[in-house]
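Here's the structure we're looking at; comments come further down.
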Number of protein chains: 2
Amino acid sequence: MLLCENSIVKQSLTNVLRVNQLRSVEKRALYLRIRDYLAADIAAGKWAENEKLPSERQLSEQFNTTRVTARQALTQLEAEGLIFRSNRRGWFVTPPRINYDPSRDMGFVRYVEDQGFSARTQTLEKKLIELPDHIADEVGLDRGTPVYEILRRRYINDRPCLIEKIFLNPKHCPGVLQHSLDRSLWSLLKAEYDLVPVERHLEIYPQTLEQPIAEALDANTGTSGLYIRRICRDQNGDFLELDEEFWLHNALKVVVSVMPD
Amino acid sequence: MLLCENSIVKQSLTNVLRVNQLRSVEKRALYLRIRDYLAADIAAGKWAENEKLPSERQLSEQFNTTRVTARQALTQLEAEGLIFRSNRRGWFVTPPRINYDPSRDMGFVRYVEDQGFSARTQTLEKKLIELPDHIADEVGLDRGTPVYEILRRRYINDRPCLIEKIFLNPKHCPGVLQHSLDRSLWSLLKAEYDLVPVERHLEIYPQTLEQPIAEALDANTGTSGLYIRRICRDQNGDFLELDEEFWLHNALKVVVSVMPD
DNA sequence: CTTATTATCTGGTATATACCAGATGTTGAT
DNA sequence: ATCAACATCTGGTATATACCAGATAATAAG
């Protein structure tokens with residue numbers, strides 16, 4: 001009973017405070033003002049890259065509000081790419097985006113390192129499978145064609161940033177799975193099979209990360225991502241590679257240079 | 001007092017219900033199950049493109065939950081691009097993405113219509129300004145160089161899908177602002193000035209829409225968007241155009257075909 | 001029939017609170 | 001020093017509720 005009365009008192013008190021806040025100087029929503037405040041702190045370098053922000057409970061106290069509202073501000077900053085979260089560990093400052101040109105696969109690691117980041121590739125799976133029908137139809141192979149499937153995870157500065165699923169046409173690179181795939185795939189294909197992609201078809205669009213992928217990237221299901229798909233063919237129009245990449249939305253900036261036909 | 005007691009009774013009752021719900025058959029979060037349910041309905045065509053879903057209050061009743069949770073499901077579907085919202089009007093089913101190739105600007109309208117959509121362009125502003133310093137430095141023009149600035153809004157099936165800000169080098173197309181700009185810019189530049197872009201530099205990344213842009217697209221501030229930037233140069237490497245596009249994230253799929261150098 | 005006013009509906013923002021599960025830190029036994 | 005057990009911290013999910021502002025529909029006045 002006592003608790004109940006307390007709660008009513010507290011509520012009417014905070015209601016008065018709220019009205020004061022809203023009707024006073026600022027019209028902007030509280031969660032947006034908190035966002036601005038945190039964004040300014042981040043810009044000012046109050047927390048370093050990958051450094052943890054105060055907990056939601058701390059922030060809600062600091063801004064004299066509830067966790068729900070503090071969370072709304074954090075979610076907004078997450079959508080903007082300024083911060084990210086790690087499951088039940090906290091919120092962290094996002095490092096800068098890297099530039100990424102999906103039309104050149106010549107050495108992801110070196111390409112990233114040239115921008116002053118460290119990069120790492122990890123092969124999660126490699127096997128021979130039958131190409132799914134809808135993909136076979138799309139790239140112009142017979143249904144049931146065997147292809148190599150490679151699943152890799154790539155890190156930038158020790159942060160897992162993308163999952164990559166590659167389908168390779170074994171006709172052009174038989175036995176490629178016996179090599180280590182933790183390095184540049186195209187330098188391997190060039191060295192061992194003299195394979196060079198000529199035509200590339202790119203598709204890029206924002207999409208949320210599905211469960212297994214989000215998990216592999218230490219992100220929550222439903223986090224925004226960027227989907228990049230690349231189909232490479234040789235000079236005869238023969239299918240070489242289909243590459244599907246699932247990126248954290250805040251990890252990259254796609255950069256492509258194009259000359260007209 | 002009475003109200004207070006009521007609230008306690010009601011609360012403990014629903015707590016029991018909640019525990020039952022969670023501990024029963026399904027482990028998936030309620031908001032994700034609602035999401036799945038709605039996603040299935042959308043896929044099954046229960047609501048047509050651009051058709052309004054039931055209100056948050058209706059949905060929360062239907063699923064025996066609160067508005068907050070129903071909203072969480074809707075927000076998830078929004079992030080996935082399945083639905084969108086119009087300020088204080090409701091939630092609507094997103095029409096399919098269009099394919100868009102930013103490396104060819106030859107007739108946006110026709111390009112879109114070829115895919116079975118209708119398209120429309122609206123010029124919001126056109127003026128002569130001094131190119132902002134940081135952009136001048138980037139494209140290699142002298143600071144303070146005068147350029148044409150054009151602001152356009154583009155619709156697909158009468159839905160505003162992108163805001164476009166164009167900077168044109170007046171050296172190559174003097175007086176271009178006197179023409180109607182509600183049509184294809186490059187066909188105009190070709191016809192009147194024999195201008196053809198040769199080199200194109202693209203940048204693409206997900207970003208939230210800032211206030212004025214979100215407003216112009218009838219979206220909320222902070223909605224996810226896709227930012228596309230294109231710099232075009234002529235055969236001499238001379239700057240022709242800088243084009244910045246702010247898209248609704250669910251409106252397009254970027255498609256680019258590239259031949260290697 | 002048209003226009004101005006009003007009531008209602010809808011999402012937007014906010015508080016207060018609760019319990020859960022995974023991650024982390026601390027403590028105590030070996 | 002190492003490892004297991006426990007307590008604590010953190011975000012994840014959920015309920016209940018309130019009031020606001022813009023959009024829309026209904027209604028009354030011209």
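Chain naming here is simple, since letters A, B, ... match the order of the sequence lines and numbering starts at 1 in each.
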Residue-level proximity of residues 70-79 of chain B to DNA chain C when a heavy atom falls under 4.0 Å:
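Those residues whose heavy atoms fall under 4.0 Å from DNA chain C, taken from residues 70-79 of chain B in numerical order, are B:R71.
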Results of side chain to side chain donor-acceptor pair (under 3.5 Å) for A:T75 - residues two or more places apart only
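For A:T75, no residue satisfies side chain to side chain donor-acceptor pair (under 3.5 Å) once neighbours in sequence are set aside.
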Set of residues satisfying side chain to side chain donor-acceptor pair (under 3.5 Å) with respect to B:Q76, sequence neighbours excluded:
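With neighbours one apart ignored, the set is B:E80.
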Counting only side-chain nitrogens and oxygens, does B:N87 get under 4.0 Å of the OP1 or OP2 atom of C:dG12?
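No, no such contact exists.
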Please write out each protein N/O paired with an N/O of nucleotides 24-27 of chain D under 3.5 Å, distance rounded to 0.1 Å.
from	atom 1	to	atom 2	distance (Å)
D:dT24	OP1	B:R89	NE	3.3
D:dT24	OP1	B:R89	NH1	2.9

Output every pair passing salt bridge (Lys or Arg N to Asp or Glu O under 4.0 Å) with a member in residues 207-218 of chain A, not counting sequence neighbours, ordered by first then second residue.
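For residues 207-218 of chain A: none.
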Please, which pairs that meet salt bridge (Lys or Arg N to Asp or Glu O under 4.0 Å) have at least one residue in residues 63-74 of chain A, sequence neighbours excluded?
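Non-adjacent pairs meeting salt bridge (Lys or Arg N to Asp or Glu O under 4.0 Å): A:E56-A:R67, A:E56-A:R71.
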Who passes salt bridge (charged side-chain N to carboxylate O under 4.0 Å, His left out) against [X], sequence neighbours left out?
{"X": "B:R120", "answer": "B:D158"}
{"X": "B:E113", "answer": "none"}
{"X": "A:R152", "answer": "A:E164"}
{"X": "B:R229", "answer": "B:E138"}

Could you tell me which non-hydrogen atom of B:F117 sits nearest to which non-hydrogen atom of B:N157, and how far apart they are?
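Scanning both residues, the minimum pair turns out to be CD2-ND2, 3.4 Å.
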Out of C:dT13, D:dT17, D:dG12, which has the shortest distance to the side chain of A:A29?
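Between C:dT13, D:dT17, D:dG12, the one nearest the side chain of A:A29 would be C:dT13.
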When you measure only distances, ignoring hydrogens and angles, does the side chain of A:R85 come within 3.5 Å of the base of D:dG12 through a donor and an acceptor?
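No, no donor-acceptor pair under 3.5 Å.
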For B:N220, which residues count as a side-chain contact (heavy atoms from CB on, under 4.5 Å) partner, sequence neighbours excluded?
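So B:N220 forms a side-chain contact (heavy atoms from CB on, under 4.5 Å) with B:R85, B:N87, B:T223.
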Can you list, by residue number, the residues of residues 52-59 of chain A that have a non-hydrogen atom closer than 4.0 angstrom to DNA chain D?
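Those residues whose heavy atoms fall under 4.0 Å from DNA chain D, taken from residues 52-59 of chain A in numerical order, are A:S55, A:E56, A:R57, A:Q58.
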